[in-house]
Amino acid sequence: MLVLGIESSCDETAAAVVSDGRFLLSNVVASQIDVHSRYGGVVPEIASRKHIEAIVPVILQALDDAEVTLNDIEGIAVTIGPGLVGSLLVGLSVAKAIAFAGGIPFVGVNHLEGHVASIFLTEEKVAFPFVALVVSGGHTTIYLVKGFENLAVLGQTRDDAAGEAFDKGAKLLGLGYPGGVVIDQLAKRGERDWLKFPRAMKDSLDFSFSGLKTALLTCIKRRGCPFTEKELPDVAASYQEAIADVLVEKTLKAAKMSSIFRVVVCGGVAANSRLRELFYENADNKGFEVFIPPPVLCTDNAAMIAALGEHLLRAGKFDALNLNAISRWPSIPNSFHCRRGESSHLG
Ligand code: KG4
Ligand code: ZN
């Protein structure tokens with residue numbers, strides 16, 4: 001089945017064409033970073049307007065790159081949440097319009113489940129069940145994944161997401177927005193144990209990153225002056241290590257406790273080079289198989305939405321044209337099934 005995926009939950013307008021839920025025919029992402037960076041974060045109203053400008057050209061580009069037309073598209077998958085409601089509605093409205101005009105079945109999907117599905121777009125053959133760490137700008141959650149749409153939360157952040165910790169840390173250091181990539185680059189030249197940052201909630205599978213940000217702020221205030229150019233790589237490396245360390249440790253602990261030795265890492269922060277390195281190193285030492293999509297499929301994209309959508313559409317789970325966006329999708333176990341009123345698959 002040839003599926004057109006559409007994603008507009010935050011500050012990336014994206015469209016992709018995926019065949020059989022696995023084969024990427026095109027993957028177009030229009031980033032709004034330049035517009036938002038001057039404000040130090042995403043401005044929701046501006047994001048919605050930029051999505052409106054970009055959405056049609058991005059979809060046309062995705063069709064063009066895949067060398068198909070709308071007549072070839074057999075299904076449409078669109079992100080309906082969680083995310084910024086104004087942004088989500090742009091992608092959803094366009095998806096509905098195309099579905100209605102072309103008589104094409106369409107389905108709304110959960111963005112976080114989409115991130116998990118990104119692993120099926122790679123060469124890797126990952127079998128269910130597996131443990132997945134979804135680590136992005138808004139979420140940091142460990143799931144036990146028994147199937148598509150069959151996820152149970154094993155641990156999640158109690159405050160900031162890991163991506164937020166990167167972004168807020170970078171802001172405190174005057175490194176600009178978004179901070180994850182900048183810290184990743186800078187840290188490559190730094191000493192990871194130059195500063196000792198706290199690792200919170202050691203005995204739990206839940207995360208807490210707000211103390212880390214406060215520790216950095218306290219450190220800056222105590223010094224009374226900004227870090228020097230020479231010191232910044234060391235601070236970035238130490239700060240990044242504190243985030244990567246707990247992500248790896250808790251995810252592998254969750255997998256071990258579930259007696260599952262396959263681990264998937266996805267979401268924007270999974271693009272982090274040190275996090276990837278630490279996961280692969282620890283997995284090798286401890287007998288886990290770790291699967292991480294290439295960075296371009298970790299950050300927000302529509303291919304992952306199409307991959308999941310293809311599975312749902314094939315299972316007959318299409319949506320009606322009165323489908324609404326769900327800005328805040330509760331991350332409690334089984335919540336993924338609320339929308340379609342299904343009972344839980346989980347024991
Ligand atoms: O999944 P994503 O693209 O959007 C959300 O769903 O939130 O994740 C964005 C987050 C941002 O916080 C960004 O700073 C972070 O992913 N990120 C990174 C890297 N690339 C993106 N964090 C650390 N290292 C990176 N290389
Ligand atoms: Zn995301």
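In listed order, ligands and their atoms are each counted from 1. Below, each value reflects all heavy atoms present in this structure, side chains not excepted, and no hydrogens, waters or symmetry copies.
- Here's the thing with E12: none of its N/O atoms is less than 3.5 angstrom from an N/O atom of ligand 1.
- Neighbours of the Zn ion (ligand 2) restricted to protein N, O or S atoms under 2.8 Å: the count is 3.
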* Given Y143 and V153, is the side chain to side chain contact (heavy atoms under 4.5 Å, CB included) satisfied, shown in steps? -> CA-CA 5 Å; Y143 295 103; V153 175; 3.7 Å; yes
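- Proximity annotation for atom 21 (C) of ligand 1: of C266, G268, G179, G180, G268 comes nearest, heavy atoms only.
- Side-chain atoms of D65 and Q61 form a donor-acceptor pair, as typed in the model, at a separation below 3.5 Å.
- Every atom of ligand 1 with a heavy atom of D167 under 4.0 Å away is listed here by number and element: 11 (C), 12 (O), 13 (C), 14 (O).
- Contact atoms of ligand 1 toward G163: 12 (O) (distance under 4.0 Å to a heavy atom of the residue).
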- Stepwise salt bridge (charged side-chain N to carboxylate O under 4.0 Å, His left out) check, R199 with E249: CA-CA 11 Å; R199 272 72 165 158; E249 195 187 311; over 6 Å; no
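- In this structure, E124 has no side-chain hydrogen bond (donor to acceptor under 3.5 Å, both in side chains) partners at least two apart in sequence or on a different chain.
- Within the 3.5 Å criterion, the main-chain N or O of T69 finds a donor-acceptor partner in the side chain of D72.
- The closest side-chain heavy-atom distance from F197 to I243 is not below 4.5 Å.
- With 3.5 Å as the limit, one finds no donor-acceptor pair spanning the side chains of S210 and D160.
- Residue contact check for ligand 1: C10 places no non-hydrogen atom closer than 4.0 Å to it.
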Review point. Does the pair F148 and F128 meet the rule for a ring-ring contact (aromatic ring centres under 6.0 Å, His included), with working shown?
Key: CA-CA 9 Å; F148 289 104; F128 296 116; 5.4 Å; yes
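- Summarising the local packing, CD of Q185 is surrounded by more than 12 heavy atoms from other residues, nucleotides or ligands at distances under 6.0 Å.
- When hydrogens are left out, the protein atom nearest atom 26 (N) of ligand 1 is D184 OD2, 2.9 Å; that is the closest non-hydrogen contact.
- Between L173 and Y239, every side-chain heavy-atom pair lies at or beyond the 4.5 Å cut-off.
- Under 4.0 Å from ligand 1, the heavy atoms of H111 that appear belong solely to its side chain.
- Only the side chain of H115 comes within 4.0 Å of ligand 1, judged by heavy-atom distances.
- Counting heavy atoms under 4.0 Å from ligand 1, residue D300 touches it through both backbone and side chain.
- Residue contacts with ligand 1, taken as heavy atom pairs separated by less than 4.0 Å, involve N272 via backbone and side-chain atoms alike.
- Heavy-atom contacts of G137 reach the following atoms of ligand 1: 5 (C), 7 (O), 8 (O), 9 (C), 10 (C), 12 (O) (cutoff under 4.0 Å).
- Under the 30°/60° scheme for interplanar angles, the aromatic rings of H115 and H111 are found to stand perpendicular.
- Annotation for ligand 1: atoms under 4.0 Å from non-hydrogen atoms of G138 are 7 (O).
- At a threshold of 4.0 Å, the pair E310-R314 counts as salt-bridged, since one of the basic side-chain nitrogens sits closer than that to a carboxylate oxygen.
- In the vicinity of V181, heavy-atom distances shorter than 4.0 Å reach the ligand 1 atoms 19 (C), 20 (N), 25 (C).
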